[in-house]
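Inspection log for the structure reproduced underneath, given as structure tokens.
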Amino acid sequence: MPDEASRNQLPKTYDFKDVEQRWYNEWLENDLFKATMDPGKPNFSMVIPPPNVTGVLHIGHALNNTLQDILVRYKRMDGYNTLWVPGTDHAGIATQNVVERQLAQEGLTRHQLGREKFIERVWEWKAKSGGRIIEQLKRLGCSCDWSRERFTMDAGLSKAVREVFVRLYEEGLIYRGDYIINWCPRCHTALADIEVEHEQAEGSIWYIRYPLADPDDKKFVTVATTRPETMLGDTAVAVHPDDPRYRDLIGKYLILPLLNRRIPIIADEHVDPEFGTGAVKVTPAHDFNDFEISRRHDLPSIDIFDKNAVLNENAGPYKGLDRYEARRRILEDLKTQGLLEKEEPHVLAAGECYRCRTVVEPRLSKQWFVRIAPLAKPALEAVKNRDTVLVPPSWERTYEEWMTNIRDWCVSRQIWWGHRIPAWTCAHCGELIVARTTPRACPKCGSTELSQETDVLDTWFSSALWPFSTLGWPEDTPELRFFYPTSVLITSFDILFFWVARMMMMGLHFMHDVPFRYVYLHALVRDAKGQKMSKSKGNVIDPLTIMEKYGTDAVRFTLAAFAAQGRDIKLAEERIEGYRHFVNKIWNAARLVLMYAPALDDFMEITREKRPQTVAERWILSRLNQVVATVRQALDEFNFDMAARELYQFFWHEFCDWYLELAKPELNSEEPERVKMAAAVALTVLSKSLRLLHPFMPFVTEELWHHLPGTSGHIMVAPFPKPFKDWEDKEAEETIANLMKVIGGIRNVRAELGIHPGARIDLVAVPHSEAAQRLLASQGQAVRTLARVGRIDLLTPEDRRPHGAATVILEDMELLIPLEGLVDLGEELRKIEREERKILKELDKVKKKLANKNFLQKAPPEIVQKEEEKFRKFTAKLEKIGGRREVLRHLA
RNA sequence: GGGCGGAUAGCUCAGUUGGGAGAGCACCGGCCUUACAAGCCGGGGGUCACAGGUUCAAGCCCUGUUCCGCCUACCA
């Protein structure tokens, strides 16, 4: 804690460098992030979307975790038991790839190392570099309960995975079977449908002739295909049963070119006679549709690829060729034999592995699947009846669409890093055993020769359990009872299906309740031009670099201010620079307020008992009140951008630009009571603003908090401001609004006439109402200070106006600035005529409305009243402008 | 093919029950005014994509069109 002298003396600019580290450590040392389980308080809990252990903090993480931290800090200050569970994901394929690349540098493959040694290597790597992203989250200021950090491969979480797998198997919701799946020839594993990405691209479609085995009037059937190389695995050609072109051929045989295999012509409803030639080659082992057809017609499957998508012995002369080389050769050979009819351009969307971008190969193999329909149904219902609310709600339809058309989930992966599937096969009798613990002997035949399934589970299988596995499930822990379901999940929309949907399914199935009450889906961070950031494009904004450069608070505030619902964030470095200026503004406002802190002695903040005196004081407190309400509501509704903008606008343009300027005369007054009151109001607004800002900018607010008089403890656990009804003051707001018009008008005249900002000018004011008189009487000091006015003379509307004066005309007031010689009366006349025309136009619109009977009848009375008020104001202003115009015409 | 979102100032975007078009940045002009030049003061700039409709009243609601994104899909 700073001593009294340093408390009130701040350096001129804010240096975030040492501050950030210092306060983060202090929060940690004081256990301020730790969850409490006080039964007397409401709960707020979140689980972090676990970043990959391999990961490095990118701008998407920065956004995601900033938003979570804002919410959890807000709730913590607002008196909730808060729990934010952090952790990382083992990211099977990605992590395995990283370690394999390392091995490759040593000239090794994982196969040379063997499974156990390889896994050891991965753990070693994880111990050494796996914590990097966690450290980076700390730099971002995240207030996670680090004592509860979890990893998806931890013993506890692994136990949960086994429990879930076994239970689902016992319930018949997991099965093993030979099906066609997406195979990545580079990662050497099966992928789930959702892990395959489709990008449209220009390609070709080839028309190939398959000769009839017994030619009659027809010699061949032409098929169209985008993948000629798969013809080696063809076991039939299908046509639509009603297609007149082919009806007679059904049941006959074709000779598959190149391999000379006899294959039948079959009839299947699936074939679209309109497309291509209406005849489809059927390759059951390498195409999803063809696989379905083959099952309907009991056709054989011929796998022509090995795990690298290189042609195998079933490909005859093409054995050993890579699939693309094979395609070239096959097309060449067909051409030579006169069987290639034509090639046409064709748009297609080949599937790519989401981890490595290799084109995937549909492949028939033995895999494990989760039967999804029974799990998806309740997950769909939960969103429909709003047990879980998606924000923004536009995602509901997308979610529904996906949940309705979802297919069974392939969960087995042919890699080594992950949760090994708890299934064993008996070498003796072939029995399949699925068990929580390693079985010693086959329950059927008693043999001890059991071999465990070598596949591991999809990483998303374990992350689907995250909201309850991290809280201790399958044990019945106090945390689980206290914090499940979690309050909110904040994540990026692109993992809605990968992760959110699966957590919904698993949560409902195993916990009998949704995993979270709200899901807030934020957008992607793109570059300034709206392009996705990528290393290859070189347009990446690295959060660590910019945090280093502008400070963490500026980065966080920028991300929050741009986090509008349902829209991508286009981020440019200039934005962050702009918000760094805001951080500095806060710093300097605090410096000013603290200069007057000694005057406060015991008085401190404004409370119920201490009533503000001046109109400005009443005004700023009234505005503060509204801001408190707005910020709270915005955060409650996940409108982070609105909350941030409101705070920015209020603090800078109302508190700094107007209140502090208006307060300066008070602060420098000879009367101690006035100084005290002004300082107390300033301190109150500052203190509450800092608390409102703390969730967004934890560091600078904490630093300043400790310099404020009368504070204790840390701002991160100080109460979040609540609105205070007594401070509402519409009258003060109106007065200050009018004062701003007066000062603004005079400043405008000064600027237009090129009067030096330091020079004092005199003012002649003509009030046309009592309110105007009161304003001039009570706010003369403010006008003199903020508009650099010397004398203020008052005239009545009947008095003669001074010659050669610039004019400002308000609704109930004329302001004249006598500047003989400086004012070009001709220009002044033109200006006033311009203004007159503008008001006439406005007045015309109002008149039309008021003349409209329908408007008077149907519009709500308060709107009609408003229009009448406008009519009155415009007329009054016009009258004064007209008078002034006449005067100027005579003079000019 | 199906679905979703966007089009508002030069740029990036707010505008939540329909009721006088806003902010930040950029730009122009003037200021080192004792908190802040990372600042202060002033200023210009918009047929709210287009066409209809509902309404006393539309940036906002409805219909259609154009353009731009994204997601999804087994026309080979």
Side-chain angles (χ1 to χ4, degrees), chain A residues 10 12-14 180 194 198 205 223-227 230 238 270-272 274-283 287-293 346 348-349 362 392 394-395 397-398 400-402 405 493-494 496-497 523-524 526 528 530 550 554 561-562 564 566-572 574-575 577-595 633 637 639 641-642 645 648-649 653 656-657 660-661 664 743-744 747-752 754-758 785-788 842 845-846 849 852-860 862-864 866-867 870:
Chain A
L10 298 178
K12 201 165 165 179
T13 52
Y14 169 58
I180 190 156
I194 194 181
H198 298 268
I205 186 164
V223 300
T225 180
T226 55
R227 303 207 48 205
T230 62
H270 167 79
V271 178
D272 175 6
E274 305 292 314
F275 189 86
T277 61
V280 187
K281 62 193 270 312
V282 180
T283 323
D287 184 281
F288 285 88
N289 286 316
D290 297 2
F291 175 71
E292 296 296 327
I293 293 175
H346 188 74
L348 69 163
S394 53
W395 288 104
R397 266 193 90 154
T398 312
E400 185 185 330
E401 194 94 0
W402 194 75
N405 301 318
F493 71 84
D494 54 351
L496 177 60
F497 305 138
L524 252 44
R526 297 170 176 278
Y550 301 107
F562 280 87
R567 201 190 260 262
D568 282 342
I569 298 177
K570 288 183 199 158
L571 191 65
E574 297 89 289
R575 314 264 165 244
E577 196 181 352
Y579 285 111
R580 178 188 58 168
H581 297 173
F582 182 44
V583 177
N584 203 47
K585 189 73 182 177
I586 296 168
W587 183 259
N588 277 292
R591 283 182 70 210
L592 175 66
V593 174
L594 289 174
M595 281 170 56
Q633 195 190 339
E637 293 170 356
N639 286 316
D641 58 323
M642 190 187 283
R645 275 200 312 270
Y648 182 95
Q649 163 69 25
H653 297 302
C656 292
D657 288 354
L660 289 179
E661 293 304 326
K664 278 177 184 171
I743 292 169
R747 283 173 171 174
N748 177 292
V749 165
R750 298 182 57 120
E752 282 188 358
I755 296 163
H756 191 277
T785 314
L786 297 192
R788 300 290 288 176
E842 296 283 328
K845 276 196 334 207
V846 177
K849 272 193 186 178
N852 184 339
K853 270 186 199 146
N854 278 326
F855 174 73
L856 296 175
Q857 260 170 26
K858 293 182 182 171
E862 63 269 22
I863 298 295
V864 176
K866 231 170 150 179
E867 290 299 316
K870 266 156 74 176

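Because the structure is a prediction, the values reported are computed rather than measured. Naming: A, B, ... by sequence-line order, numbering from 1 per chain.
- Taking atom C1' in both B/rG42 and B/rU34, one finds a spacing of 23 Å when rounded to whole Å.
- Within the 4.5 Å cutoff, the side chain of A/Leu594 has heavy atoms near those of the A/Leu10 side chain.
- Atoms CD1 (A/Ile293) and P (B/rC75) sit 13 Å apart, rounded to a whole Å.
- Rounded to a whole Å, the CZ atom of A/Arg580 is 18 Å from the P atom of B/rG24.
- For the P atom pair drawn from B/rA26 and B/rG18, the interatomic distance equals 36 Å after rounding to whole Å.
- Among the heavy atoms of the strands lying under 4.0 Å from A/Arg645 are primed sugar atoms or P, OP1, OP2 only; no base atom is included.
- Under the side chain to side chain contact (heavy atoms under 4.5 Å, CB included) criterion, A/Asn639 pairs with A/Gln565, A/Ala634, A/Glu637, A/Asp641, A/Met642, sequence neighbours left out.
- Inter-residue side-chain proximity for A/His581 and A/Glu577 is flagged as met; some heavy-atom pair is nearer than 4.5 Å.
- Among the heavy atoms of the strands lying under 4.0 Å from A/Asn748 are primed sugar atoms or P, OP1, OP2 only; no base atom is included.
- A distance of about 27 Å separates the P atoms of B/rU17 and B/rG46, rounded to the whole Å.
- Considering only heavy atoms from C-beta on, A/Val864 comes within 4.5 Å of A/Phe855 through its side chain.
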Sugar-phosphate or base contact per nucleotide [nucleotides 57-63 of chain B; S, B, -; heavy atom under 4.0 Å]: -------

Could you list the protein-to-nucleotides 3-6 of chain B atom pairs, N/O on both sides, closer than 3.5 Å?
from: B/rC4; atom 1: OP1; to: A/Arg397; atom 2: NH1; distance (Å): 2.9
from: B/rG6; atom 1: O3'; to: A/Arg567; atom 2: NH2; distance (Å): 3.1

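- Comparing the P positions of B/rC61 and B/rC48 gives an interatomic distance of 16 Å, to the nearest angstrom.
- A/His198 meets the side chain to side chain contact (heavy atoms under 4.5 Å, CB included) test with A/Val196, A/Ala349; sequence neighbours excluded.
- Counting non-hydrogen atoms under 4.0 angstrom, A/Phe291 reaches nothing in the nucleic acid.
- Between the side chain of A/Arg575 and the backbone N or O of A/Phe562 there is no donor-acceptor pair closer than 3.5 Å.
- Spacing between B/rC27 and B/rU65 at atom C1', rounded to whole Å, works out to 36 Å.
- For A/Tyr579, the ring pair (Phe, Tyr, Trp, His ring centres under 6.0 Å) criterion is met by A/Phe557, A/Tyr648, not counting sequence neighbours.
- Of the two residues near RNA chain B, A/Glu752 and A/Ala279, the one whose nearest nucleotide lies more 5' is A/Glu752.
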Under a 4.0 Å heavy-atom criterion, the protein footprint on nucleotides 30-36 of chain B, written with B, S and -, is SS---BB

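- Within the 4.5 Å cutoff, side-chain heavy atoms of A/Arg750 are placed close to those of A/Arg788.
- Rounded to the nearest Å, the gap between the P atom of B/rU66 and that of B/rG22 is 34 Å.
- Base pairing in RNA chain B gives the following stems of 3 or more Watson-Crick or G-U pairs, range against range and under 3.5 Å: B:1-7 with B:66-72, B:10-13 with B:22-25, B:27-31 with B:39-43, B:49-53 with B:61-65.
- Between the C1' atoms of B/rG1 and B/rC62, the separation comes to 26 Å (whole Å).
- For the pair A/His198 NE2 and B/rC71 C1', the computed distance is 12 Å after rounding to whole Å.
- Evaluation of the salt bridge (charged side-chain N to carboxylate O under 4.0 Å, His left out) rule for A/Arg526 yields A/Asp568 as partners, not counting sequence neighbours.
- Rounded to whole Å, the separation between the C1' atoms of B/rG24 and B/rG30 comes to 22 Å.
- When heavy atoms are screened at a 4.0 angstrom cut-off, A/Phe582 is found touching no nucleic acid atom at all.
- As judged by a 4.0 angstrom heavy-atom cut-off over every strand, A/Arg575 is placed among the base-contacting residues.
- With sequence neighbours excluded, no residue forms a salt bridge (charged side-chain N to carboxylate O under 4.0 Å, His left out) with A/Glu401.
- Contacts of A/Phe497 classified as ring pair (Phe, Tyr, Trp, His ring centres under 6.0 Å), with partners at least two apart in sequence or in another chain: A/Trp402.
- By the side chain to side chain contact (heavy atoms under 4.5 Å, CB included) test, A/Val280 pairs with A/Val271, sequence neighbours left out.
- Rounded to a whole Å, the NZ atom of A/Lys858 is 7 Å from the C1' atom of B/rC56.
- Within the 4.0 angstrom heavy-atom criterion, only backbone atoms of the sugar-phosphate kind lie near A/Ala564; the bases stay farther away.
- Judged as a salt bridge (charged side-chain N to carboxylate O under 4.0 Å, His left out), and not counting sequence neighbours, the contacts of A/Lys664 are A/Glu661.
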